[in-house]
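These notes concern the structure reproduced below.
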Amino acid sequence: MTGSCALLESSGNRPTKIMIDCGLFQGQRFMEDRNLNPFPFESKTIDAVLVTHAHLDHIGRIPKLVKEGFAGKIYSTAATKDLSRLMLFDSLNVMRRQVEEKTEKLVYKESDIDAGMKQWEGLNYHEEFEIGDFKINFRDAGHILGSSIIEVFYGKKKIVFTGDLGNSPTPLLRSTEKVENADFLIIETTYGNREHEGKAERKVKLERIIEDTMRLGGVLMIPAFSIERTQELLFELNDLAENRRIPEVPIFVDSPLAIGAVEIYKKYDDYFNKEAKYIMDSGDDLFKFPGLRFTKTTEESKQINEVPPPKVIIAGSGMSTGGRIPHHERRYLPDPKSTLLLISYQVSGSLGRQLEDGAKEVNILGETVPVRARIVTLPGYSAHPDENGLFEFVENNYKTLEKVFAIQSEPKSSLFFVQLIRDHLGIDTIAPKYGDSFELEVE
Ligand SMILES: [Zn+2]
């Protein structure tokens, strides 16, 4: 899991080498030490890099690749390019702080991002292009803004890299595009052993949680991922606020990264689904409604404290492992009138998980904090498809598939999914390990 990076090489006299994604390894810590290890290939021999989407586990080592001599072009959708710039600079800041604390080394510098951006070409979906022996096409993955499924054509064969697929339908984005006739499929199976629940009721529940907390005069804290989750939440809040289904209270988006991403979402509203696009076109800015305030600077963020409750605060990180949410949690978790709303998966060991598991006391920013606020979990906000969604994606290619590679998930999840595909569809499926390589027969 994480550090997504695949190298596809054609045979022949002058082989073409393309890389699909080049992500950061992220575990308990934001940046793991192995990001500093040399690549197991020569960076300068790669012809091009294709990027599925702007999450760090898919783009985080691109500047390192550039630093080490990769001089070819980088291709993605235009929105992915813009979001990637934002993400890479943001993660550089986080890494700098980590380096200061623990005398580690940086994976890349500012100038490596700038150089990478110069090599980067932003395209539209379905704008076919060629790199050496390969023909490439991007399709909408419906995972985050700009996310793509990458189709690679070689001779008569089609190789498909799914990247992360979406949990369609979603409020803002178009649904995951159907892909058929793939011969080889490299599929990310993050939640290949899970079924999502609660999508239908989540908005009603959100409304109720806001009403309850506001009636008590408390603070509703929502730790949220900066890209997609925050914008999805704002889309739903926009509707609730404008139809007066929730009281008019201050709603703070307290995350520079999320605020930067909102600007990019507005720029690419062509990528939205029909309903969301229609609302935008009819003059309703989805990211502007009574009570909504963006607090970008540290100064603005601190002023949130001055605003008396009731209020809503949305901030990163999604698992309370960094960002600005811990500051608010430290202040308001001891308050029995307040609520912490968890809408993301909370990984074991994270502060968010401790709270989800009912801890009565937690350590936040070096302080022991008693937990008296209500902790509520609201499922249904996953950005990944579940077992059924993934299975359906494979099944659509049933007639042509020769081999399926299940990647980017915990062993338990990928092994479950491998078995599922073998048993039900009888297709040769494996879960490769880091560093494995395979030959694909294309005759
Ligand atoms: Zn992703």
Side-chain angles (χ1 to χ4, degrees), residues 1-6 19-27 30-32 35 49-62 74 76-77 79-88 90-91 94 125 138-150 160-177 179 185-192 194 196 224-233 255 257-258 260-261 264-265 268 271 316-319 321 343-347 381-387 389-390 393 405-410 413-414 417:
M1 228 176 161
T2 79
S4 181
C5 185
M19 177 162 287
I20 294 89
D21 290 339
C22 193
L24 201 68
F25 293 112
Q26 296 181 285
F30 176 81
M31 175 195 84
E32 297 207 327
N35 288 298
V49 175
L50 311 176
V51 181
T52 59
H53 68 289
H55 275 147
L56 272 186
D57 57 335
H58 290 257
I59 59 165
R61 282 185 297 160
I62 290 177
I74 302 165
S76 74
T77 60
T80 294
K81 182 185 174 186
D82 283 3
L83 283 173
S84 295
R85 184 195 287 115
L86 185 75
M87 290 292 271
L88 290 170
D90 183 79
S91 69
V94 180
Y125 291 114
F138 290 129
R139 281 173 182 263
D140 198 336
H143 168 58
I144 63 169
L145 187 79
S147 62
S148 306
I149 298 162
I150 301 180
V160 174
F161 292 83
T162 64
D164 280 328
L165 295 168
N167 181 22
S168 302
T170 69
L172 277 177
L173 303 179
R174 289 191 291 253
S175 292
T176 304
E177 254 187 89
V179 171
L185 180 63
I186 296 87
I187 185 167
E188 310 219 1
T189 54
T190 312
Y191 294 142
R194 237 194 273 173
H196 295 331
F225 293 115
S226 309
I227 294 186
E228 202 58 37
R229 201 64 47 86
T230 297
Q231 290 76 22
E232 230 178 71
L233 204 52
S255 156
L257 185 58
I264 297 173
Y265 271 72
Y268 292 100
Y271 288 17
S317 71
M319 296 191 261
T321 47
I343 56 170
S344 306
Y345 175 70
Q346 306 294 317
V347 78
Y381 279 93
S382 178
H384 296 272
D386 63 6
E387 173 195 321
L390 289 167
F393 192 91
F405 300 89
I407 59 162
Q408 287 290 308
S409 60
E410 287 167 4
S413 170
S414 52
F417 193 72

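Ligands are counted one by one from 1 in listed order, and the atoms in each one are counted from 1 as well.
Within the 4.5 Å cutoff, no side-chain heavy atoms of Arg139 are placed close to those of Val160.
Relative ring orientation between His55 and His143 is described as perpendicular, the plane-to-plane angle rising above 60° on a 0-90° scale split at 30° and 60°.
A search for ring-ring contact (aromatic ring centres under 6.0 Å, His included) contacts involving His196 returns Tyr191, not counting sequence neighbours. For Phe138, the ring-ring contact (aromatic ring centres under 6.0 Å, His included) criterion is met by Phe129, not counting sequence neighbours. Residues passing the ring-ring contact (aromatic ring centres under 6.0 Å, His included) test with Tyr271 are Tyr125, Tyr268, sequence neighbours excluded.
Here the OG1-CD distance, from Thr2 to Gln408, works out to 6.5 Å after rounding to the nearest 0.5 Å.
Neighbours of the Zn ion (ligand 1) restricted to protein N, O or S atoms under 2.8 Å: the count is 4.
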